[in-house]
Number of protein chains: 2
Amino acid sequence: MTKARSSVATAKKEKVLASAETAEAKPIKRRRSADATRSRILWAAYGEFAAKGMEGARIDAIAERADANKRMIYHYFGDKEGLYLAVLEAAYERARSAERKLDLNRLDPEMAMGRLVEFTFDSFVKDRSFIQLLNTENLLGARYLRRSEKIPALHSPLFTMIADIVERGAAAGVFRNDVDPAQLWISIVSLSYFYFSNVHTLSFVIGKDLQAQPALAERKAHVVGMVLDYLRHKQG
Amino acid sequence: MTKARSSVATAKKEKVLASAETAEAKPIKRRRSADATRSRILWAAYGEFAAKGMEGARIDAIAERADANKRMIYHYFGDKEGLYLAVLEAAYERARSAERKLDLNRLDPEMAMGRLVEFTFDSFVKDRSFIQLLNTENLLGARYLRRSEKIPALHSPLFTMIADIVERGAAAGVFRNDVDPAQLWISIVSLSYFYFSNVHTLSFVIGKDLQAQPALAERKAHVVGMVLDYLRHKQG
DNA sequence: TGCCTTACGCACTAACCAGTTACTTACCTA
DNA sequence: TAGGTAAGTAACTGGTTAGTGCGTAAGGCA
């Protein structure tokens with residue numbers, strides 16, 4: 001039945017001659033490229049897992065998105081779980097790598113904290129998939145995160161930066177001196193993360209498109225203001 | 001192969017005789033109770049959908065949890081989507097109903113806001129499933145929420161309460177007067193919601209069990225403090 | 001030029017699962 | 001008490017999907 005294509009493929013390769021013909025099917029020939037194929041699969045899977053969740057994601061859909069054969073997924077990643085874990089690791093690595101590029105040492109504490117909060121907000125604007133993937137992983141009780149050997153139980157780079165900025169600010173007398181950096185880190189991420197992770201239900205309940213540009217700018221200003229006001233508060 | 005059981009069933013029913021024997025299965029008799037069965041299915045589905053997500057949830061698992069026959073699910077809710085929608089509506093209704101019971105009018109603005117923030121935090125402690133269900137629904141782009149006729153696009157009761165408290169506080173001179181109630185509502189929910197929706201990954205990254213009692217108390221105090229400090233801030 | 005490893009592809013299967021068919025049994029009312 | 005209706009059950013089905021068996025061809029190396 002579906003032998004037409006394979007018989008074409010079997011009929012030797014006159015690539016030099018046939019290169020202009022393109023036959024009926026698209027892929028007469030493909031260069032072999034392990035890294036490229038692996039990478040295409042990985043990012044296709046990132047999109048699929050983020051959009052549909054672990055159970056909702058379809059291996060066939062990933063293969064199609066990646067323009068790769070399904071068999072290759074099993075070749076490179078073993079099974080669905082292996083692929084999911086690789087995606088999770090790659091996503092974490094990418095997010096942390098972006099955080100590491102932040103250089104706030106030369107800014108005064110208030111400016112530095114403002115930049116850090118804005119960076120956090122903007123990173124979610126740029127890549128909404130990471131949030132969806134984290135939600136999926138939390139639904140699974142961080143099962144795969146725990147299983148990972150590539151994602152050590154280390155703090156986010158932001159964590160250290162926050163502790164540093166808060167300390168500098170307290171020393172300079174512009175920030176309060178009773179701040180727990182861990183709580184503050186969670187709060188800074190919260191204020192942006194929740195807005196994006198729940199955009200759809202929030203937009204519906206509030207009756208306004210929270211993904212539109214004016215709403216985004218409004219939210220970002222509010223978040224930065226709230227964090228800075230909290231820090232500037234003087235004790236006693 | 002699996003014909004053994006069906007041949008037993010085919011072999012007529014000597015129910016009258018066998019009534020005392022209890023055969024091999026447990027439920028020889030059950031009282032008929034439409035509402036009770038419907039309700040058992042609904043809350044079993046609530047747990048299953050929250051724990052596994054829309055795609056991950058299994059109809060057979062829900063039937064088993066509810067101690068009901070699978071056919072009953074289709075009898076009462078039509079199909080999986082109908083069941084999911086009913087669960088979503090019930091969950092929203094329950095959450096809002098709890099919010100409505102809050103009576104903060106007699107408290108001064110600071111006390112009232114403190115209570116409201118604590119209430120929000122505690123409601124997530126009491127029922128973690130609601131958060132998981134909201135995450136699932138957001139992954140689906142609020143598709144079912146929009147489809148619902150029972151959940152109108154009304155604000156949460158908390159929204160009105162927040163606006164009221166902020167206004168009272170500003171009038172009394174204890175709160176700043178430039179607060180956007182919508183942004184504040186999102187922020188108050190954020191600060192608690194994110195902590196719980198991401199407990200597993202956060203606990204792993206921070207290296208501490210955030211579900212344990214001391215961590216919960218610490219977080220609650222931080223959130224209340226942050227909101228109140230923000231509100232107490234006086235304008236230039 | 002021949003050989004061997006590895007990237008790649010097709011077509012299949014076994015399991016799973018939402019939904020259904022065909023039936024029995026409890027309860028209410030005329 | 002007859003009989004109709006709705007609650008309840010068991011066994012099946014058709015479509016879907018993760019995972020595989022087996023074969024082909026590309027490219028490096030001798």
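All heavy atoms count here, side chains included; hydrogens, waters and symmetry mates do not. Reminder, nothing fancy here: chain letters follow the sequence lines and each chain counts from 1.
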Between the base of D:dG21 and the side chain of A:R71, is one N or O donor paired with an acceptor at under 3.5 angstrom? yes
Go through A:R65 and A:E48 one step at a time and tell me if the salt bridge (Lys or Arg N to Asp or Glu O under 4.0 Å) criterion holds. CA-CA 9 Å; A:R65 274 189 197 226; A:E48 177 78 5; 3.3 Å; yes
Using a strict heavy-atom distance below 4.0 Å, which residues from residues 140-148 of chain B are in contact with DNA chain C? none
Parallel, tilted or perpendicular, judged at 30° and 60°: which one describes the rings of A:Y144 and A:Y84? perpendicular
Quick one, which residues of residues 48-64 of chain A touch DNA chain D with a heavy atom under 4.0 Å? A:A57, A:R58, A:I59, A:D60
For C:dA7, does either OP1 or OP2 sit under 4.0 Å from a side-chain N or O belonging to A:N69? no
Looking at D:dG8, I'd like to know if its phosphate oxygens (OP1 or OP2) sit under 4.0 Å from a side-chain N or O belonging to B:T37. yes
Any chance the rings of A:F130 and A:Y46 have centres within less than 6.0 Å? no
Would you tell me whether B:S156 and B:E99 have side-chain atoms, one donor and one acceptor, within less than 3.5 Å of each other? yes
Looking at B:K70 and C:dG19, is any side-chain donor or acceptor paired with a base atom of the opposite kind under 3.5 Å? yes
Is there a side-chain contact between B:H75 and the phosphate of D:dA7, meaning an N or O under 4.0 Å from OP1 or OP2? yes
Taking only side-chain nitrogens and oxygens of B:Y76, does any of them come within less than 4.0 Å of OP1 or OP2 of D:dA6? no
